[in-house]
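These notes are about the structure you will find just below.
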Amino acid sequence: QVQLVESGGGLVQPGGSLRLSCATSKFTLDYHTIGWFRQAPGKEREGVSCISNSDGSTDYADSVKGRFTASVDNAKDTVYLQMNSLKPEDTAVYYCTADRTRTCSGYVPAYWGRGTQVTVSS
């Protein structure tokens, strides 16, 4: 069973940083690709980033390229999303997702965590 537990959200000022964590299992990391999605109030969910532990591929939405970085810590079975230079428009609930695929190409999530709130405001 795939379990994804997000943490690390909170309130941060514009220009600040946060690191989100997604705790999962070795099985998930070995056989699934991990994606981060977000949903702002009144908006549709959008893909933010994707990382594959199998082929090392990553992908980012244009809106976060150069500011967000996804990484995997295999020793802790955890995926991170480092978010820098945060903007008010980054405010959203962020979800960790997974799909049984080995690449970010054509990624469509099959499993979802419960989400963590990120608020960027002064």
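Under 3.5 Å, the side chains of Asp77 and Thr24 contain no donor-acceptor pair of N or O atoms. At a cut-off of 3.5 Å, with distance as the only test, no side-chain donor of Asn53 or Asp30 sits close to an acceptor on the other residue. Between the side chains of Arg100 and Tyr31, no donor-acceptor pair of N or O atoms lies under 3.5 Å.
The two residues Cys104 and Ser57 make their nearest non-hydrogen contact at N-OG, 3.2 Å. Of all non-hydrogen atoms in Pro14 and Ser121, the two that sit nearest each other are CD-C, 3.6 Å. For Leu4 against Cys96, the heavy-atom pair with the smallest separation is CD1-O, 3.5 Å.
Hydrophobic clustering (side-chain heavy atoms under 4.5 Å, transitive across Ile, Leu, Val, Met, Phe, Trp, Tyr) groups Tyr111 together with Val48.
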- Task: Go through the steps to decide whether Arg114 and Glu6 satisfy the test salt bridge (Lys or Arg N to Asp or Glu O under 4.0 Å), and finish with yes or no.
- Result: CA-CA 7 Å; Arg114 288 191 161 189; Glu6 305 95 334; over 6 Å; no
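The distance between the ring centers of Trp112 and Phe37 falls below 6.0 angstrom.
Note on Lys87 versus Asp90: no salt bridge recorded, every NZ/NE/NH1/NH2 to OD/OE distance being 4.0 Å or above.
Considering Val79, Thr97, Thr78 in turn, Val79 is the only one that fulfils the side chain to side chain contact (heavy atoms under 4.5 Å, CB included) rule with Cys22.
Here the side chain of Thr33 pairs no donor or acceptor atom with the backbone of Asp99 at under 3.5 angstrom.
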